[in-house]
Amino acid sequence: MARYNPKETEPKWRKAWADAEAFKAVREPGKPKYYVLEMFPYPSGRLHMGHVRNYSMGDVIARFKRARGFSVLHPMGWDAFGLPAENAAIERGVDPKEWTYANIDRMRAELKELGLSIDWSREFATCDVGYYGKQQAWFLDLLERGLVYRKESVVNWDPVDQTVLANEQVVDGRGWRSGAVVEKRKLNQWAMRITDYADQLTDDLATLDRWPDKVRVMQENWIGRSKGLKFRFHFAGEGPAEGLDVYTTRPDTLFGASFVGVAPDHPLAQMAAARDPKAAAFIEECRRGAATEAEIETAEKRGYDTGLRVKHPFDPDWELPVWIANFILMDYGTGAIFACPAHDQRDLDFVRKYGLPVKPVVLPPGEDAATFQVGDEAYTGPGVIYNSRFLDGLDIEAAKAEAIARIEALGDGEGATVFRLRDWGVSRQRAWGCPIPVVHCEKDGVVPLPKSALPVAHPADIEFGKSGNALERHPTWKHTTCPACGGPATRETDTLDTFVDSSWYFARFANPWADEPISQEDADYWLPVDQYIGGIEHAVLHLLYARFVTKALADDGQLSVREPFAGLFTQGMVTHETYRRQNGEWVEPKDVEIAAEGKTRRATLIETGEPVVIGDIEKMAKSKRNTVAPEEIFEVYGVDAARLFVLSDSPAERDVQWTTGGVQGAWRFVNRVWDEFDGHVPAPAAAEPDAEIRRATHKLIRQVTESIDGFRFNSGIARLYEFLNLLKANPAKDTTPAIAAARAEALSAFARLIAPFTPHLAEECWGRIGGEGLVVAAPWPEFDPALTEDAVKVLPVQVNGKRRGEITAPAGAEQAAVEAILKADPDISAKLEGLTIRKIIVVKDRIVNIVAA
RNA sequence: GCCGCCGUAGCUCAGUGGUAGAGCGCAUCCUUGGUAAGGCUGAGGUCGGCAGUUCAAUCCUGCCCGGCGGCACCA
């Protein structure tokens, strides 16, 4: 018997699959289709373990569905525009394009080595002119539809990356890539009207029943739809004639109003500042103190009374003061509020500081109107409205409806829906991105290019290597003629956010050769993506943008689906222990030797023998040096062992901890499997298969099938481990014809069941037992449901909830039959000596409990 | 503060309303022509805590403790 040699077998089978074009996606109208997609990688240059896990999961699904008779699309591409290439250009003087394509070449080779069942003929990179030129085409379509527009606005400016960021790319006031504190700048920017779809994007989340709840909740929160009332206060005395618009979600508490507040940036605040130096000073102070969002959130509430007064909408004689308050945001609602401190914590904190009145108008259940008071905590729970004239006695929802109706009747406002979501700013002041296909003409202004002028490609001699936008600096590229007047014009030098690139790539995969951006015929067949797999970090970025673009393109008649991803799975990360020398320097796992001493572990640096501190388990990252290079693992253990390990050791949605012992365990399994197949002896003809092994085989098929369907790869693999132990206990040699016959069926099923996880090993095993053709082309094994149940069940017998013995009964035995067996059992009878049986509870095929006294 | 996930063997994790499992690690032994290896056997768990529902709870419910993640002056 020879040891399994992955270095020889694995490349052999990859070649066989390629020669057979085993993974070519073909539209077959008679067959059900299945589109499996993993979030495409950024070509950073090297494959890491996270990629191995992500793409192995997708590969399990793709191979499984193919074996189950689906026509499968499983493509791969590259999210290839973006800053790292430009940063490499600045740091190392390389050309971003060359750098990117060289990285793609290397990573493609590594991905191919993983043995993924991908249709490589469909591969593209977003930096291919053939891709981004099509993107420019639909960009122009959306521009024409008014879904893309240009506006001067205050934007998030990342001073390190020298570009604008979308709101979604600002985390805790810092750039998501650079970590730099984001500044506010006023710029002319391209934006997409994602807010037009805010309602749909919220409502349609309910249809995504194969998405994790967590992601749906995150998107819902991000879009932040709230329903309420927009209405107008009229000024008492001086003040703008048009009044002051406010937004509230609590119109039911209008009679608890204490003051009216505006944001420091609000026009009314500006007006006050113009004639009141103290107001101006207060506004200035607010601006200074609020550099980051984190600071705004924790800042103490402060305000300034403008001296202006407004009339209460339901009582012209009731006047409310107008304050400027630092906690009011200009870009939400109308930038102005009415404050009801008794039922809003922020308002309460504010009025407690400035001595304004607090009047409760919602009476909590069980409280007495005469004695109920609000202390330091606002009451936001349910109750009955009081102190509120015509709203008295109503519950909160009824009072909201009544207040809105009254305001509408007065003509002072209407019910309104407000979103937290802002339009998507897509301009980036960087060269290594998709050029925006418009020109600026002195005479005609902003002019879209005709489609015949596409693609707008990068110049070949672009000079990177300095900060700022290289397209802007290029001596000739931007100078062109205006398609409208023929006069001189300059090209737009902003490029599109790379999230635009990734917002439609899944649709392009349906037919990457098509002249139009999306081939309707092919997209109608393949879309939506049946199973999308990727990290949770894109919950409100990529996944929201892709949903929006899908809807926008559907409305433009370019797509038939309104949701891109029918199923979403967010997989966990690959983690590893961290190691540090005494001086605090991080050390790579491969330089560390771990020795077990009893139950504790001790780490030393291999080179010097010095002790190393074992630190926390963290996501594999270069900064902590706790990475393990996939290619080194492939070299030692083979690809299959690596795939098996990252899938086997944790549930797919949770993090998996990479350990040497773990991958060695997977490697041992690979060898044990091969050993079992290598020792295979053909069964004598016509022998009746051993019933126990047969049942175990059919149970296994059922369990593995259900595990893959449910994304429980780890438990499916656990069942395979257990089954192998059973086979080892019934070895091929020196055995009965019955066992040999059962083993033949078992091995045939086993080879096909391991194929999604360890595809190379499966081929080798399949060949060894004389399987027909390639295992990738073999149908998934079927199980006989009758064989997955035992014919005879061992039922534990409890007396008063404690286990006192067991009986053997036929499967499905009912109460009467079981009671008969109980009576005939001398052991049980002995246990019941002197007791009166009150009740016998029989749970079919599970257990018997006798209640006795 | 709000929402979600997690807590089972030394470690990493499966699992189940009814006798508690895997891999690694640990111990013993075997093999020494699968040998920078292979195999047998074994020890090890009040299933985070308390209460409830139930004939029966590690599993369901509630509360608490601990860890992780997301959201958070959004009117």
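Residue numbers start from 1 in every chain, and the chains themselves are labelled A, B, ... in the order their sequence lines are given, proteins ahead of strands. As the structure is a prediction and not an experimental result, all values here were calculated from the model. Heavy-atom basis, side chains included; hydrogens, waters and symmetry copies ignored.
When the P atom is used for both B:G52 and B:C6, the distance is 25 Å, rounded to whole Å. A gap of 46 Å separates the P atoms of B:A43 and B:C3, to the nearest Å. On the P atoms, B:A75 is 24 Å away from B:C5, given to the nearest whole Å. Comparing B:G33 with B:G48, their P atoms are spaced 48 Å from each other, to the whole Å. Rounded to a whole angstrom, the distance from the C1' atom of B:G4 to that of B:C40 is 47 Å. For B:C64 and B:A27, the C1' atoms lie 39 Å apart once the distance is rounded to whole Å. For B:A51 and B:C65, the C1' atoms lie 15 Å apart once the distance is rounded to whole Å. Separating the C1' atom of B:G1 from that of B:A56 is a span of 40 Å, rounded to the nearest Å.
In this model, the phosphate group of B:A72 is approached by a side-chain N or O of A:Arg420 to a distance below 4.0 Å at OP1 or OP2. Distances shown here put a side-chain N or O of A:Arg668 below 4.0 Å from the OP1 or OP2 atom of B:G38. The phosphate of B:A75 (OP1 or OP2) has a side-chain N or O of A:Ser226 nearer than 4.0 angstrom. At the phosphate of B:A72, neither OP1 nor OP2 sits under 4.0 Å from any side-chain N or O atom of A:Arg346. Applying the 4.0 Å criterion to OP1 and OP2 of B:G38, one finds that A:Arg672 has every side-chain N and O outside that range.
If you take CD1 of A:Ile717 and C1' of B:G21, they are 16 Å apart, rounded to a whole angstrom. For A:Leu329 and B:A72, the CG to P distance is 11 Å, given to the nearest whole Å. When the P atom of B:A75 is taken as reference, atom CD1 of A:Ile396 falls 15 Å away, rounded to whole Å. Protein atom CG of A:Asp252 is 13 Å distant from nucleotide atom P of B:A75, rounded to whole Å. Here B:U12 presents its P atom at 14 Å from NE2 of A:His576, a figure rounded to the nearest Å. What separates CD of A:Glu676 from C1' of B:G39 is a distance of 14 Å, to the nearest Å. Per the geometry, CZ belonging to A:Phe259 stands 16 Å off P belonging to B:A75, to the nearest Å. A:Asp675 has its CG atom 8 Å from the P atom of B:G39, to the nearest Å.
Applying the side-chain hydrogen bond (donor to acceptor under 3.5 Å, both in side chains) criterion to A:Tyr637, with sequence neighbours excluded, gives A:Gln664.
In this structure, a donor-acceptor pair under 3.5 Å is absent between the side chains of A:Thr578 and A:Asn626. Residues A:Ser226 and A:Tyr332 have side chains that bring a donor and an acceptor to within less than 3.5 angstrom of each other.
Taking the six-membered ring where tryptophan is involved, the planes of A:Phe677 and A:Phe750 are tilted, since the angle between them lies from 30° to 60°. A tilted orientation is assigned to the rings of A:Phe713 and A:Phe711, their planes being inclined by 30° to 60°. A perpendicular orientation is assigned to the rings of A:His542 and A:His538, their planes being inclined by more than 60° (bins at 30° and 60°). Aromatic ring pairs are classed by plane angle as parallel below 30°, tilted from 30° to 60° and perpendicular above 60°; the pair A:Tyr721 and A:Phe669 is parallel.
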**Prompt:** What pattern of brackets, bars and dots sums up RNA chain B from 5' to 3', given Watson-Crick or G-U wobble pairs under 3.5 Å, [ ] for crossing pairs and | for another strand?
**Reply:** (((((((..((((....[..)))).((.((.......)).)).....(((((..]....))))))))))))....
What N/O pairs connect the protein and nucleotides 67-69 of chain B at under 3.5 Å? Give each pair on its own line.
unit_1 : atom_1 : unit_2   : atom_2 : d
B:G69  : O2'    : A:Lys214 : NZ     : 3.4

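As judged by a 4.0 angstrom heavy-atom cut-off over every strand, A:Ile328 is placed among the base-contacting residues. Residue contacts for A:Thr248: at a heavy-atom cut-off of 4.0 Å it reaches the sugar-phosphate backbone alone, with no base atom in range. Residue contacts for A:Tyr721: at a heavy-atom cut-off of 4.0 Å it reaches the sugar-phosphate backbone alone, with no base atom in range.
Here the shortest heavy-atom pairing between A:Pro589 and A:Thr627 reads CD-O, 3.6 Å.
A syn orientation is assigned to B:G34, its glycosidic angle lying within 90° of 0.
Two rings, from A:Phe350 and A:Phe259, have their centers less than 6.0 Å apart.
Taking 4.0 Å as the cut-off between side-chain N and carboxylate O, A:Lys230 and A:Asp245 do not count as a salt-bridged pair. Taking 4.0 Å as the cut-off between side-chain N and carboxylate O, A:Arg712 and A:Glu706 do not count as a salt-bridged pair.
Across B:U12, B:A75, B:C71, the shortest atom-to-atom separation from the side chain of A:Asn221 is found for B:C71.
Each of A:Val418 and A:Arg712 lies near RNA chain B, and the nucleotide nearest A:Arg712 is the one positioned closer to the 5' end.
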